[in-house]
Amino acid sequence: MRHTLRRLRTAAVALGACTLGLSLLSVPAAEAYSAQPLAPQSERAPESAQFTAEGVTTVGELRTVTGSPSSAQAAGTQIIRHPGAAYVKVHFSSLRLAPGDHVTVSSPDGRESYRYDRHLNRATGSDYTTDGQPGFWAMSVEGDTAVVTLHSSRPSADNAAVVDKFWRGYDRAEIARHNFSTQSVCSTDARRDVVCYQSSHPTEYARGQATAKLLISGGGSCTTWRVGNTNRMLTNKHCFSTQAAVSGSEMQFNYQCATCGGSNPGAGTKVSGATLYKVSSGGSSDLDYTLYSVNNFANIQGFGTLYLATTATTTGTRIYIPGHGDGSPKRLSIYEDTQNGTTCSVKNANYNTSNISYSCDTSGGNSGSPVLNASHRVVALHHLGGCPSNQGAKAHLIYNEIASMIDNG
């Protein structure tokens with residue numbers, strides 16, 4: 001969420017949502033890795049290399065491997081572990097594989113695994129991200145450990161897969177400590193895990209599936225979502241606005257709890273950003289949108305899509321907001337303060353030229369969330385916080401600017 005001039009340090013990140021599974025180790029695996037509290041040895045990269053963007057929640061830090069880069073040996077394994085990390089995203093400075101060889105980056109239990117061959121072909125291997133520098137970034141792995149394995153029949157394949165740095169995700173307390181926030185939870189935080197509404201509000205639950213967590217360049221977090229019937233995504237301009245940032249980011253669908261108030265949401269489905277199509281003009285108080293596409297689009301089509309309202313909304317219209325505030329598993333804002341109480345609604349449909357306002361609960365990381373009405377059309381793109389007037393850019397004005405680039409149904 002974009003910060004206004006009035007900033008308050010977040011005292012605590014909302015902990016009522018699904019608790020992150022910070023370690024995916026099975027008991028035997030945990031025992032095997034416990035002798036290596038930090039592997040390989042690493043140090044925090046210089047501040048200039050850390051993620052920073054006004055209004056974007058910082059959710060991780062860049063670590064550089066100290067000494068010689070870490071190399072997976074022939075048919076061997078390299079453990080990349082940072083105790084307590086929410087995720088690990090590994091960078092390969094070089095990948096020198098022979099025909100038939102490949103490398104995998106996996107969680108210790110193998111439930112999340114990404115395969116890379118010498119050609120980095122997304123059609124035959126896994127997705128990845130780039131930052132314009134030599135090498136590439138593997139997709140992030142949930143939890144504090146990534147297992148890098150070289151699969152080769154060669155008797156010697158030293159330095160075939162070299163890891164020189166990695167992003168490690170902050171835990172809940174670190175996210176609160178490293179971020180400032182406006183007061184965007186209005187009175188009592190009424191957000192709940194999306195699965196809590198699967199029976200009582202099945203359509204709201206279903207529409208929320210098109211919303212994803214956006215991991216920006218390894219260390220920042222916003223919300224993003226599919227718009228229309230083709231390969232198009234929307235988020236805020238202040239989340240990212242360049243082709244380089246799109247290419248360096250991940251979109252994580254189905255990152256949500258399996259049970260209401262549960263834990264260990266799982267990795268969901270991750271894809272990388274592909275092509276930047278359009279960025280709004282003006283600043284963060286204007287329409288504040290970015291339109292782009294993703295790689296491996298077929299992998300996320302099953303989560304559905306959302307459509308923009310093409311006419312202005314009205315004051316008093318019922319609304320709801322799915323999103324990844326604080327980088328947490330997906331939550332829904334349906335009620336303002338208490339469950340089954342007052343539903344969220346538009347407080348001012350013409351707050352200013354570009355925005356509507358509402359008191360529906362949001363927090364840092366909700367930037368880019370869709371604001372939907374009772375007909376399940378997007379009436380605004382959430383981007384500004386500050387109770388009682390959290391704000392979203394008017395969707396019909398966004399539609400007017402991008403109509404030729406989307407299939408709005």
Side-chain angles (χ1 to χ4, degrees), residues 1 10 12-24 56-60 84-89 107 111-112 139-144 168-176 179 181 184-185 189-201 204-216 219-226 235 239 249-271 300 302-304 320-335 339 360-370 382:
M1 175 174 310
T10 303
V13 175
L15 297 177
C18 171
T19 304
L20 285 175
L22 297 181
S23 177
L24 297 177
V56 178
T57 298
T58 301
V59 292
Y87 61 85
V88 174
K89 184 173 174 65
S107 58
R111 285 185 292 178
E112 189 175 10
M139 300 301 277
S140 63
V141 172
E142 300 301 298
D144 66 5
R168 66 96 179 176
Y170 288 148
D171 62 25
R172 298 290 92 197
E174 289 176 304
I175 289 176
N179 290 279
S181 178
S184 302
V185 172
D189 191 346
R191 291 175 294 179
R192 301 178 76 196
D193 301 329
V194 290
V195 71
C196 300
Y197 295 110
Q198 187 172 9
S199 296
S200 63
H201 294 76
E204 288 84 348
Y205 170 82
R207 292 294 188 270
Q209 301 307 296
T211 304
K213 177 181 175 181
L214 176 58
L215 180 62
I216 307 164
S221 184
C222 281
T223 298
T224 187
W225 46 280
R226 271 196 66 199
T235 191
C239 293
S249 299
E250 299 180 17
M251 298 78 220
Q252 186 176 11
F253 285 80
N254 200 35
Y255 180 54
Q256 58 194 52
C257 299
T259 57
C260 184
S263 61
N264 299 329
T269 299
K270 301 174 183 178
V271 292
I300 55 101
F303 297 113
Y320 64 98
I321 306 175
H324 291 276
D326 311 309
S328 295
K330 192 183 303 169
R331 288 173 287 178
L332 264 174
S333 293
I334 290 181
Y335 298 102
Q339 298 303 308
C360 212
D361 295 323
T362 59
S363 58
N366 267 118
S367 283
S369 294
H382 176 73

Is the closest side-chain heavy-atom distance between [X] and [Y] below 4.5 Å?
X    : Y    : answer
P322 : E204 : no
S369 : T362 : no
V56  : C222 : yes
T211 : P370 : yes
Q256 : Q209 : yes

Measure the spacing between [atom1] of [X] and [atom2] of [Y] and express it to the nearest 0.5 Å.
X    : Y    : atom1 : atom2 : result
Y255 : E142 : OH    : CD    : 5.0 Å
Q339 : S200 : CD    : OG    : 8.5 Å
Y87  : D144 : OH    : CG    : 13.5 Å
Q252 : H324 : CD    : NE2   : 7.5 Å
L214 : T57  : CG    : OG1   : 11.0 Å
I300 : M251 : CD1   : CE    : 10.0 Å

- request: Under the salt bridge (Lys or Arg N to Asp or Glu O under 4.0 Å) rule, collect the residues that match up with K89, sequence neighbours excluded.
  value: E250
For [X] versus [Y], what's the shortest heavy-atom pair and its separation?
X    : Y    : answer
I321 : C360 : CD1-CB, 3.8 Å
A267 : K270 : O-CE, 3.8 Å
G304 : A210 : O-CB, 3.5 Å
T235 : G368 : OG1-CA, 3.9 Å
N366 : R191 : OD1-NH1, 3.3 Å

Pairing residues for [X] by the side chain to side chain donor-acceptor pair (under 3.5 Å) criterion, not counting sequence neighbours:
X    : value
S333 : none
R207 : none
K213 : none

- request: Check side-chain contact (heavy atoms from CB on, under 4.5 Å) between T58 and all other residues, then give those that pass, not counting sequence neighbours.
  value: F51, Y170, N179
field: Set of residues satisfying side-chain contact (heavy atoms from CB on, under 4.5 Å) with respect to Q198, sequence neighbours excluded
entry: V195, Y205
query: Can you find a side-chain donor-acceptor pair between S363 and D326 that sits under 3.5 Å?
result: yes
task: Go through the steps for L332 and R192 under the test side-chain contact (heavy atoms from CB on, under 4.5 Å), then give the verdict.
output: CA-CA 6 Å; L332 264 174; R192 301 178 76 196; over 6 Å; no
message: Under the rule for ring pair (Phe, Tyr, Trp, His ring centres under 6.0 Å), what residues qualify as partners of F303, not counting sequence neighbours?
response: F253
